[in-house]
Amino acid sequence: MRHAPILGTRSLAWPDEAACASFAQALAARPALRDAYLELHGELGAGKTSFVRHLLRALGVQGRIKSPTYAVVEPYLAGDLAISHFDFYRFDDPREWEDAGFRELFAAPGLKLAEWPQKAQAVLPLPDLRLLITVGDDDARQVQVQACTPRGLELLP
Ligand SMILES: Nc1ncnc2c1ncn2[C@@H]1O[C@H](COP(=O)(O)OP(=O)(O)OP(=O)(O)O)[C@@H](O)[C@H]1O
Ligand SMILES: [Mg+2]
């Protein structure tokens, strides 16, 4: 992970997926989320996409929310809020950053969420908030939340 100033951290326990959903609901209610960029870290199956699904549902997104692994990005609209959900797992050509218009998506207003950001570290901006999800027994997850910007600090639980 890139070295960035960490302005604040919180440690959370999600004993089950319902706890992940409640955290997502609380975050969705924060006005500072509208233009935020969130990085989601954690091994395969940690719960990055699950968290994004709960967050998008809480923001009012309807219809199918699929994992963007193959498309790299899935766009959504929640009212007038534009949301881009990225998964950089299969991202290996930095030229795609320009060619696919990802630079413009990041520069535009709206919420940006990225799984596997370490695979596109050279081109991605500094996140407002980072979630580092660690898998425990069964459905339990430990989550470290790191704020890297003043906006991220506003979003800390
Ligand atoms: N506490 C929890 N929080 C989130 N998801 C949980 C939790 N407990 C169990 N799960 C389950 O764990 C799985 C997480 O899968 P998910 O696709 O979200 O992982 P991912 O981190 O996005 O993996 P990938 O790196 O492959 O994209 C889901 O089946 C989800 O229902
Ligand atoms: Mg995923």
Side-chain angles (χ1 to χ4, degrees), residues 1-2 4 6 8-30 32-78 81-94 96-97 100-103 105-106 108 110-148 152 155-157:
M1 198 184 317
R2 172 178 30 187
I6 296 171
T9 61
R10 295 282 184 282
S11 288
L12 309 178
W14 294 347
D16 51 29
E17 195 167 341
C20 165
S22 340
F23 173 71
Q25 280 153 17
L27 196 60
R30 305 288 195 89
L33 191 72
R34 288 186 66 89
D35 284 319
Y37 165 40
L38 271 59
E39 279 187 358
L40 306 166
H41 293 260
E43 63 186 74
L44 289 169
K48 303 178 291 296
T49 302
S50 303
F51 165 74
V52 170
R53 286 202 178 102
H54 290 297
L55 185 66
L56 298 197
R57 287 280 178 245
L59 287 166
V61 172
Q62 290 169 356
R64 195 160 165 241
I65 300 173
K66 48 184 181 177
S67 176
T69 308
Y70 291 93
V72 182
V73 64
E74 292 288 343
Y76 299 93
L77 259 186
L81 174 66
I83 305 163
S84 299
H85 176 200
F86 294 88
D87 183 337
F88 290 106
Y89 192 71
R90 285 168 200 283
F91 181 87
D92 48 20
D93 182 357
E96 196 185 348
W97 178 255
F102 296 160
R103 183 186 296 281
L105 278 180
F106 263 89
L111 171 63
K112 297 99 191 169
L113 303 154
E115 298 182 40
W116 295 102
Q118 59 272 47
K119 305 246 182 184
Q121 194 167 273
V123 285
L124 281 170
L126 185 68
D128 295 299
L129 213 62
R130 242 188 224 134
L131 265 59
L132 294 90
I133 307 174
T134 317
V135 179
D137 291 338
D138 300 323
D139 288 353
R141 304 287 189 267
Q142 286 295 325
V143 185
Q144 208 203 357
V145 187
Q146 300 180 341
C148 302
L155 290 168
L156 273 187

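Residues take their numbers from the sequence shown, with the count starting at 1. All values below come from the heavy atoms of this structure, side chains included, with hydrogens, waters and symmetry mates left out. Every number for a ligand or one of its atoms is a count from 1 in the order of the listing.
- Counting only non-hydrogen atoms, the option in Ala18, Ser50, Pro15 that gets closest to atom 16 (P) of ligand 1 is Ser50.
- Considering both main-chain and side-chain atoms, Gly42 never comes within under 3.5 Å of ligand 1 through any nitrogen or oxygen pair.
- The shortest heavy-atom contact between Val135 and Ala46 is CG2-CA, 3.7 Å.
- Not one N or O of Ser67 is nearer than 3.5 Å to an N or O of ligand 1, by distance alone.
- Annotation for ligand 1: atoms under 4.0 Å from non-hydrogen atoms of Glu43 are 21 (O).
- For the pair Lys119 and Tyr89, the cation sits on the ring face: its NZ or CZ lies under 6.0 Å from the ring centre, inside 45° of the axis.
- Inside a 4.0 Å radius of atom 29 (O) of ligand 1 there is not any protein heavy atom.
- Ranking the protein heavy atoms by distance from atom 17 (O) of ligand 1 puts Thr49 CB, 3.8 Å first.
- Of the protein's heavy atoms, Arg141 NH2, 3.2 Å lies nearest to atom 12 (O) of ligand 1.
- Using a non-hydrogen distance threshold of 4.0 Å, Tyr89 does not register as a contact of ligand 1.
- Test Thr134, Leu131, Ile133, Leu12 against Arg141 for side chain to side chain contact (heavy atoms under 4.5 Å, CB included) and you get one pass: Ile133.
- A heavy-atom distance below 4.5 Å is found between the side chains of Leu129 and Val145.
- With contacts defined as side-chain heavy-atom distances shorter than 4.5 Å, the pair Leu33/Leu55 qualifies.
- With contacts defined as side-chain heavy-atom distances shorter than 4.5 Å, the pair Ser67/Asp87 qualifies.
- Of the protein's heavy atoms, Asp139 O, 2.8 Å lies nearest to atom 1 (N) of ligand 1.
- No heavy atom of Arg53 sits closer than 4.0 Å to any atom of ligand 1.
- Counting only non-hydrogen atoms, the option in Glu17, His54, Lys48 that gets closest to atom 6 (C) of ligand 1 is Glu17.
- For the residue pair His85 / Glu115, a side-chain donor-acceptor distance below 3.5 Å is found, with atom types taken as modelled.
- For ligand 1, none of its N or O atoms has an N or O atom of Leu44 under 3.5 Å away.
- Restricting Glu115 to its N/O/S atoms, the shortest distance to the Mg ion (ligand 2) is reached by OE1.
- Look at Thr49 and the Mg ion (ligand 2): an N/O/S atom of the residue is under 2.8 Å from the metal.
- Of the protein's non-hydrogen atoms, Gly45 O, 3.3 Å is the one closest to atom 14 (C) of ligand 1.
- Among all non-hydrogen protein atoms, the one lying nearest atom 27 (O) of ligand 1 is Glu115 OE1, 3.1 Å.
- For Asp16, every heavy-atom contact with ligand 1 shorter than 4.0 Å involves the backbone, none the side chain.
- In terms of N/O distances under 3.5 Å, ligand 1 is not approached by Cys20.
- The closest side-chain heavy-atom distance from Phe102 to Val72 is below 4.5 Å.
- The nearest N, O or S atom of Asp87 is not closer to the Mg ion (ligand 2) than 2.8 Å.
- The ring of Phe86 has its center no closer than 6.0 angstrom to the ring center of Tyr37.
- Side-chain contact check for Arg57 versus Gln25: every heavy-atom pair is 4.5 Å or farther apart.
- Closest approach of Leu156 and Arg30 over heavy atoms only: O-NH2, 3.4 Å.
- Contact annotation: the side chain of Lys66 approaches that of Glu74 to within less than 4.5 Å [non-hydrogen atoms, C-beta and beyond].
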